[in-house]
Q: 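First, the structure itself, so that you have it in front of you.
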Amino acid sequence: MEELLQSALDTAAGESIVMDPTGSANAMVFVLVTALGLLMALIYVPLRLYLTLTARSRRLRLLQRIRRLREELAQPIGG
């Protein structure tokens, strides 16, 4: 097993890296897609947090209003 690993390492070390133009184009596409993904995340996360927090506060205000109305209905008239 070690001999196989060593021969693979020797083979890989002996090969020279060839710079072909399609590799740089693929790298450029990768960088572009990654940058767009980061930009979308930077916009989406704060927006999602804002919408979630405002929805919760609206829900809480509505529940408090319902609770107040129930208390008012439970009280006798004129009291």
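Counting from 1, the numbers follow the sequence of the chain as shown. Just so it is clear, the values below take in all heavy atoms, side chains as well, and ignore hydrogens, waters and symmetry mates.
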Q: What distance do R67 atom CZ and L62 atom CG have between them, rounded to the nearest 0.5 Å?
A: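 The CG atom of L62 is 11.0 Å from CZ of R67, to the nearest 0.5 Å.
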
Q: How long is the gap from CG on L53 to CZ on R58, to the nearest 0.5 Å?
A: 11.0 Å

Q: In Å, rounded to the nearest 0.5 Å, how long is the span from CG of L9 to CD of E2?
A: 11.5 Å

Q: State the CZ-OG1 distance between R59 and T54, to the nearest 0.5 angstrom.
A: 9.5 Å

Q: Distance check, rounded to the nearest 0.5 Å: L42 atom CG versus L38 atom CG?
A: 6.5 Å

Q: Quick one: CD on Q64 to CZ on R61, what's the gap to the nearest 0.5 Å?
A: 9.0 Å

Q: Would you mind telling me which of N26, L32, T34 makes a side chain to side chain contact (heavy atoms under 4.5 Å, CB included) with F30?
A: T34

Q: Who passes side chain to side chain contact (heavy atoms under 4.5 Å, CB included) against I43, sequence neighbours left out?
A: L39

Q: For E3, does the CD atom have more than 12 heavy-atom neighbours from other residues, nucleotides or ligands under 6.0 Å away?
A: no

Q: Over all heavy atoms of both residues, which pair between P46 and A41 is shortest? Give the atoms and the distance, please.
A: CD-O, 4.1 Å

